[in-house]
Asker: 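Sharing a structure, written as structure tokens. Questions coming.
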2 protein chains.
Amino acid sequence: MITIYDIAKKANVSAMTVSKVINHTGRISSATRERVQQVIDELGYIPNSNARSLVLQRTQMLSLLITDITNPFYTTLARGAEDAAHLRGYRLLFGNSDEDYKKEKDYVDAILSTRVDGVLFAPAGDRSLQHLKQLQERHIPFVFLDRTVPGITSDIIAGDSREGAIALIRYLVQLGHRRIALVNGSSEVSTARLREEGYIAGLRETGADINPELVLRTGYRDFSDEEGLDRLLSQPDQPTAIFAANNMLAIGVIRLLRKRGLRVPEDISVVCFDDLDLASAFDPFLTVAAQPAYEFGFQGVQMLIDRIEGKSPSEAQTVILPSELRIRASATAPREQK
Amino acid sequence: MITIYDIAKKANVSAMTVSKVINHTGRISSATRERVQQVIDELGYIPNSNARSLVLQRTQMLSLLITDITNPFYTTLARGAEDAAHLRGYRLLFGNSDEDYKKEKDYVDAILSTRVDGVLFAPAGDRSLQHLKQLQERHIPFVFLDRTVPGITSDIIAGDSREGAIALIRYLVQLGHRRIALVNGSSEVSTARLREEGYIAGLRETGADINPELVLRTGYRDFSDEEGLDRLLSQPDQPTAIFAANNMLAIGVIRLLRKRGLRVPEDISVVCFDDLDLASAFDPFLTVAAQPAYEFGFQGVQMLIDRIEGKSPSEAQTVILPSELRIRASATAPREQK
DNA sequence: ATGAAAGCGCTAACAC
DNA sequence: GTGTTAGCGCTTTCAT
């Protein structure tokens with residue numbers, strides 16, 4: 001391993017001088033600068049960032065902790081985060097919690113141990129509270145990604161879950177639906193609560209049916225609650241449309257509907273939050289409230305780095321990004337009206 | 001920041017003793033062990049891995065360098081890598097080169113500076129050679145992900161691009177196609193060369209038309225070579241099927257075909273390498289040679305860690321994972337025969 | 001079974 | 001402009 005001393009020796013200067021050349025700090029005569037640089041290039045010296053971090057107490061690393069790397073929303077978000085981090089000279093350490101508190105805890109420990117400079121955090125749910133508190137105790141800044149956790153104040157970059165849900169409901173009602181079911185994520189997740197709020201608000205506003213039996217709460221990933229779905233479908237007044245609280249739920253719902261011989265949208269309409277990116281590019285089928293996932297990541301990293309570098313106001317910032325209704329084929333007027 | 005000395009002081013032992021307790025090394029009386037552990041828990045002490053890395057010359061970090069995080073193949077691969085790394089106590093540092101040598105170089109520099117213990121590397125192309133050489137000079141082990149680079153020997157986990165391509169061609173010919181176009185990635189990428197080899201071999205074996213004019217070479221991502229596609233389609237003997245060398249190309253091709261009023265598969269069949277995961281789950285449309293992406297990541301990390309920990313034989317290992325033909329709707333018999 | 005000393009590779013603070 | 005000293009938080013080596 002070649003160190004700063006090797007350079008210093010060969011260039012006949014002190015380690016400090018080399019350090020200054022590398023970091024463009026302090027005053028150096030251009031003669032020595034060039035001589036040192038030459039040796040650096042010649043030996044292909046690359047500074048050890050561990051040593052650097054140790055003294056600087058900064059790692060130039062950010063952690064991105066998400067809940068489902070399989071979900072295009074997070075993939076695209078990661079892409080945005082990656083781009084922004086790269087642009088500003090930070091690297092991304094990557095974690096996938098699977099909405100599992102245990103895995104999340106492991107990652108938080110790793111984060112603490114690595115001394116990353118900040119975290120982009122999509123918490124598994126409200127019980128992530130203790131993990132967040134750990135970060136706060138160590139003064140590690142973090143930005144909430146879409147989901148927040150009651151009891152913790154921090155910077156937030158989020159979509160407008162409530163408004164997005166209302167828009168979706170309005171659209172369905174406008175098509176003629178009055179019995180709209182909700183297949184939601186866990187109530188432990190803030191966005192699930194907000195989407196449910198929006199769902200109710202939308203129903204109320206439009207005068208559509210409000211019926212607690214039409215709400216199914218499950219997890220945001222790996223939808224497989226067949227009994228739950230059957231319960232929804234077997235209500236005396238069967239719903240004519242389903243609002244899935246995210247894209248993965250929508251896929252699960254549609255698959256199970258098809259398995260039951262129900263066609264979408266002929267027999268039942270389906271809409272959801274979050275787009276499917278690739279799948280939609282390929283076959284524009286699902287009607288969705290699309291969120292600007294890339295911007296979540298990109299702007300989230302900007303916020304985080306601004307905070308780290310002391311460029312943010314001291315109060316926590318909140319940025320809300322609107323979603324966009326993308327009307328496609330999976331929702332039409334209900335059959336009775338056709 | 002709370003250090004090992006804080007623990008030592010409070011538990012009335014030396015720093016060494018604390019270190020031993022943390023790392024379960026050396027001999028410690030269970031009395032002191034417990035006392036020390038208690039203080040650690042009480043203060044919530046978490047070791048600084050930078051300091052640790054500095055002395056140990058190990059970071060317990062792996063770098064995953066891929067070319068397109070938007071592509072479900074890599075997403076799923078990342079998922080597998082992540083799982084394996086987590087299981088074996090390593091963390092993943094994440095890089096996305098966009099098939100861009102400049103970005104790739106930046107990441108390699110970062111890798112070198114971070115002193116990661118090893119790299120999972122999907123090279124942008126043959127000109128990644130110098131980057132790989134840098135890694136070799138510093139004795140940083142790496143595993144090739146699917147793509148290899150001539151002139152470099154290292155562990156490899158790859159799909160069988162040649163055989164997969166042959167299988168796809170056989171299938172098309174069996175359906176009755178004789179004029180099959182290839183939309184390929186750049187010739188600078190090993191898998192593109194192998195898929196083209198397989199394409200030719202398949203055509204030769206089946207006696208189908210071999211015509212250099214039916215081959216279009218472009219990039220693996222963001223397909224937008226409209227003129228190239230038009231050239232293919234305007235051949236005197238228009239192809240009845242297109243083999244896209246990966247999923248992203250297939251999506252691009254299909255979009256452009258539709259834009260030209262050509263229906264898939266009615267007017268022209270399309271098959272490709274790599275599945276679309278979500279899109280396919282949702283709407284099983286594309287006929288593909290699917291690769292076990294998750295296994296690429298999972299086994300790749302295993303190989304890498306085995307190598308790092310000296311558990312691999314000294315010669316470079318190669319693991320070839322077969323692909324699987326998934327017959328769906330995007331390819332049917334050509335129109336003439338219907 | 002426990003501890004003292006030295007050093008991993010770097011930079012901040014201060015001389016000169 | 002340049003060099004010296006000290007120390008970031010940890011572990012290795014070798015005493016005791």
Side-chain angles (χ1 to χ4, degrees), chain A residues 1-37 39-40 43-61 109-117 138-140, chain B residues 1-37 39-40 43-61 109-117 138-140:
Chain A
M1 196 77 308
I2 134 165
T3 77
I4 208 170
Y5 290 108
D6 300 325
I7 309 296
K9 193 170 168 192
K10 188 146 185 184
N12 205 29
V13 291
S14 76
M16 252 342 278
T17 305
V18 179
S19 175
K20 282 173 186 159
V21 170
I22 292 165
N23 300 299
H24 307 97
T25 73
R27 249 162 282 289
I28 300 273
S29 78
S30 54
T32 44
R33 175 190 308 293
E34 274 180 35
R35 186 154 39 91
V36 170
Q37 189 57 53
V39 178
I40 288 176
L43 269 54
Y45 166 70
I46 295 192
N48 182 328
S49 59
N50 285 116
R52 205 148 188 285
S53 297
L54 190 57
V55 18
L56 257 29
Q57 309 276 38
R58 282 193 293 109
T59 53
Q60 295 287 117
M61 277 200 224
D109 284 346
I111 282 167
L112 260 19
S113 168
T114 312
R115 290 354 188 214
V116 299
D117 296 337
R138 320 272 156 147
H139 309 289
I140 299 187
Chain B
M1 196 79 308
I2 134 164
T3 77
I4 207 169
Y5 289 108
D6 301 325
I7 308 297
K9 193 170 168 191
K10 187 148 186 180
N12 205 29
V13 292
S14 76
M16 254 339 283
T17 306
V18 179
S19 175
K20 282 173 187 159
V21 170
I22 292 166
N23 299 299
H24 308 95
T25 75
R27 249 161 283 288
I28 300 273
S29 77
S30 55
T32 47
R33 174 191 309 291
E34 273 180 35
R35 187 156 36 90
V36 169
Q37 189 58 55
V39 178
I40 288 176
L43 268 53
Y45 167 70
I46 295 191
N48 182 328
S49 60
N50 285 117
R52 204 148 190 284
S53 296
L54 189 57
V55 18
L56 258 29
Q57 309 276 37
R58 281 193 293 105
T59 53
Q60 295 288 114
M61 276 200 226
D109 284 346
I111 282 166
L112 259 19
S113 167
T114 312
R115 280 16 180 203
V116 299
D117 296 338
R138 320 272 156 146
H139 309 290
I140 300 187

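A, B, ... follow the sequence lines: proteins, then strands. Residue 1 opens every chain.
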Asker: Under 4.0 Å, heavy atoms only, any strand: does B:Asn23 hit a base, just the sugar-phosphate, or nothing?
Answerer: sugar-phosphate
Asker: Can you tell me how far C1' of C:dC10 sits from CZ of B:Arg52, to the nearest Å?
Answerer: 20 Å
Asker: From the options D:dG3, D:dC8, D:dT11, select the nucleotide whose nearest atom is closest to the side chain of A:Gln57.
Answerer: D:dC8
Asker: Is B:Thr32 touching bases, backbone alone, or none of the nucleic acid, heavy atoms closer than 4.0 Å?
Answerer: sugar-phosphate
Asker: Expressed in angstrom and rounded to an integer, what is the separation of B:Met1 atom CE from D:dG9 atom P?
Answerer: 8 Å
Asker: The side chain of B:Ser19 lies closest to which of these nucleotides: D:dT11, D:dG9, C:dG3?
Answerer: D:dT11
Asker: Between C:dT2 and B:Ser29, is there an OP1 or OP2 to side-chain N/O distance shorter than 4.0 Å?
Answerer: yes
Asker: What is the distance from CG of B:Asn48 to C1' of D:dT11, rounded to the nearest Å?
Answerer: 13 Å
Asker: Considering the options A:Thr17, A:Val21, A:Asn12, which one meets the side chain to side chain contact (heavy atoms under 4.5 Å, CB included) requirement together with A:Arg35?
Answerer: A:Asn12
Asker: Mind calculating the distance between NZ (B:Lys9) and P (C:dG3) to the nearest angstrom?
Answerer: 15 Å
Asker: To the closest 0.5 Å, what do you measure between CG (B:Leu54) and CG (A:Asn48)?
Answerer: 6.0 Å
Asker: Check whether any side-chain N or O of A:Ser14 sits under 4.0 Å from OP1 or OP2 of D:dG3, and answer yes or no.
Answerer: yes
Asker: Look up atom CZ in B:Arg115 and atom CG in B:Asn50, then write down how far apart they are to the nearest 0.5 Å.
Answerer: 12.5 Å
Asker: Output the rounded distance in Å from CG (B:Leu56) to C1' (C:dG7).
Answerer: 13 Å
Asker: Could you check how far CZ of B:Arg58 sits from P of C:dC8, rounded to whole Å?
Answerer: 18 Å
Asker: Once you round it to whole Å, what is the distance between C1' of C:dA12 and CE of A:Met16?
Answerer: 7 Å
Asker: From the list C:dC10, D:dC10, C:dT2, which nucleotide is the closest neighbour of the side chain of A:Tyr5?
Answerer: C:dC10
Asker: Does D:dT2 have OP1 or OP2 under 4.0 Å away from a side-chain N or O of A:Thr17?
Answerer: no
Asker: Say you draw a straight line from OG of A:Ser49 to CZ of A:Arg58; how long is it, rounded to the nearest 0.5 Å?
Answerer: 11.5 Å
Asker: Hey, does A:Arg27 reach any base, or is it just sugar-phosphate, or nothing, if we go heavy atoms under 4.0 Å?
Answerer: base
Asker: Rounded to the nearest 0.5 Å, what's the gap from CG on B:Asp6 to CD1 on B:Ile40? Could you check?
Answerer: 11.5 Å
Asker: For the side chain of A:Ala15, starting at C-beta, report the closest nucleotide among D:dC10, C:dT2, C:dT11.
Answerer: C:dT11
Asker: Just compare D:dG3, C:dC10, D:dT11 and give me whichever is closest to any side-chain atom of A:Lys20.
Answerer: D:dG3
Asker: What is the distance from CD of A:Gln60 to C1' of C:dC10, rounded to the nearest Å?
Answerer: 15 Å
